[in-house]
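Read through the structure below, which is laid out as structure tokens, and then see the notes.
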Amino acid sequence: MLLRSTLTALGAATLTAAVTTLEVQGSQFVNSKTGNAFQIVGMAYQIGGSAGYDPKHGKDPLSDADICTRDAALMQQLGINTIRVYNLDPDLNHDECASIFNAAGIYMVIDVNSPMAGESLNSAKPWESYFAGYLNRTFAVVENFKAYPNLLGFFAGNEVIDAVKTGGTAPPYIRAVIRDLKNYIKNHADRQIPVGYSAADVRDVLEDSWNYFQCAIDGDKDDMSRADMFALNSYSWCGDSSFEKSGYDQLVAMFEKTSVPIFYSEFGCNTPSPRIFTEIETIYSDKMMGVFSGGIVYEWAQEPNNYGLATVNDDNTVDLLADYATLQKEYQKVDFQKIQTIKASGNSVDPPTCQASLIKEDGFNNNFTLPVLPPGAEDIINNGVSPKVNGKIVDISDYNVKQTIKDASGNAITGLAVKPLSDDEINTPGASGTSGTADSQESGNAAPRLAPAGSLSAALMVVPTVLALALGAGFSMI
Ligand SMILES: *[C@@H]1O[C@H](CO)[C@@H](O)[C@H](O)[C@H]1NC(C)=O
Ligand SMILES: *[C@@H]1O[C@H](CO)[C@@H](O)[C@H](O)[C@H]1NC(C)=O
């Protein structure tokens with residue numbers, strides 16, 4: 001106990017500690033200080049779905065510090081190191097939420113679009129939606145998030161291509177948006193921020209999409225329109241599946257020679273339900289890690305589509321669902337201390353040169369002449385968005401969770417708080433307490449994350465979990 005509180009105090013003493021920025025090297029995300037390759041242990045975070053983005057009322061998923069504290073604390077316990085947020089208002093201030101997730105050791109992947117008119121590409125007629133006002137919106141998101149150290153990267157588009165038909169029209173426009181975002185970042189950010197695309201796992205168009213965005217026009221790998229990363233939303237592992245049955249093996253084979261990082265920007269098939277999340281052990285195994293950089297579980301908050309890990313009630317109390325505890329147990333089977341300290345390979349694969357023969361599917365666009373900038377856009381890329389809201393990390397005075405949280409059995413979890421990590425630490429699924437009441441006072445304890453792997457304190461931390469599991473087993477026998 002003494003050791004535990006000492007470690008916590010040390011963590012709390014460091015104000016505005018920051019995670020280390022990640023950068024793309026070859027096909028890996030690499031920690032810029034340690035040189036370790038990074039595996040994404042991610043969570044899709046968009047409470048209320050697209051309705052959670054409500055600019056008329058000044059609301060989006062990262063606009064309320066109390067809600068972010070609540071969810072960051074719960075995700076910290078779960079072991080999450082990255083959130084993906086889909087729809088954000090670039091005119092809002094996100095400093096507190098970004099700082100809370102940063103303190104929890106959690107990165108952010110941010111989509112620059114929204115479903116509202118003029119705020120994303122229309123895949124059927126992309127030429128109508130590619131105009132300066134739209135690009136300005138995406139650049140405003142860059143301005144808003146560019147200074148946060150825990151910004152992992154931006155998605156220029158999500159599932160814009162969903163079939164061969166949209167694969168015929170959309171690719172040059174998506175690639176143009178990637179180009180424009182990268183030029184904007186080059187002019188206005190003080191580090192390289194990865195820009196990529198999040199694809200639908202539609203096997204007719206997946207390989208072509210990847211090649212269309214990773215290839216180098218005229219063989220120039222510094223070509224600004226090349227994606228820095230490629231991700232896919234994949235639901236092919238359902239229930240008690242396997243590397244082969246799920247088709248994950250085919251994905252690994254397909255992407256084996258990738259020149260950019262690959263990861264699941266969504267996964268977590270929900271039939272059967274509740275889920276068993278056995279894909280976790282495979283995603284973070286040698287079978288996949290040489291090609292994939294982890295993945296993002298879909299999704300945090302329950303919606304009618306039934307993918308949630310937690311029900312967020314109208315009064316902002318939270319009821320954790322069975323899937324939360326199951327996912328936590330699956331993460332705990334993986335040795336993340338080891339996985340996250342593997343040095344980056346240093347290998348880089350040259351991207352293929354863009355040419356019509358690279359594209360396999362008949363009807364998929366194989367023309368790499370990109371649309372020119374729409375009128376007015378060049379001026380914004382050169383001079384910056386105006387007016388704009390620039391984010392920055394701020395001090396957070398209170399990390400305590402204020403809402404009532406219940407575990408899947410309806411027991412309240414008390415004493416929950418974000419435990420700020422020290423400089424350069426990343427949240428890791430550890431041996432911290434599960435969400436049962438048996439160890440409720442310990443539930444937010446971050447000590448395992450501060451302890452080196454294999455140390456005495458790390459071994460001690462396992463005890464509450466074992467106890468909780470033993471109690472759980474006892475109950476089920478009654
Ligand atoms: C660009 O975005 C900013 C911030 O959202 C907004 O205030 C401004 O009106 C936009 N300008 C144009 C030309 O769309
Ligand atoms: C490729 O696209 C450009 C721009 O839309 C167009 O001018 C050109 O004719 C297209 N090339 C072919 C071979 O279709």
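For ligands, and for the atoms within them, numbers begin at 1 and follow the listed sequence. Residue numbers run from 1 in the order of the sequence given.
In this structure, Ile40 and Leu152 have side chains that are in contact, with non-hydrogen atoms separated by less than 4.5 Å.
For atom 4 (C) of ligand 1, the closest non-hydrogen atom on the protein side is Asp91 OD1, 3.1 Å. Looking only at heavy atoms of the protein, atom 2 (O) of ligand 1 is closest to Asn136 ND2, 2.3 Å. Ranking the protein heavy atoms by distance from atom 7 (O) of ligand 1 puts Pro387 CD, 3.3 Å first.
Protein heavy atoms are found inside the 4.0 Å sphere centred on atom 14 (O) of ligand 2.
Counting atoms of ligand 1 from 1 in the listed order, those under 4.0 Å from a heavy atom of Val385 are 1 (C), 2 (O), 3 (C).
Between Arg226 and Asp222, no side-chain nitrogen of the basic residue sits less than 4.0 Å from a carboxylate oxygen of the acidic one, so the salt-bridge criterion is not met.
The environment of CG in Asp190 is sparse: at most 12 heavy-atom neighbours from other residues, nucleotides or ligands sit within 6.0 Å.
In this comparison of Thr369, Asn367, Leu370, the heavy atom closest to atom 11 (N) of ligand 2 sits on Asn367.
Counted by atom type alone, Thr166 and Asp162 present one or more donor-acceptor pairs between their side chains at under 3.5 Å. Judged purely by distance below 3.5 Å, without hydrogens or angles, the side chains of Tyr235 and Glu266 pair a donor atom with an acceptor atom.
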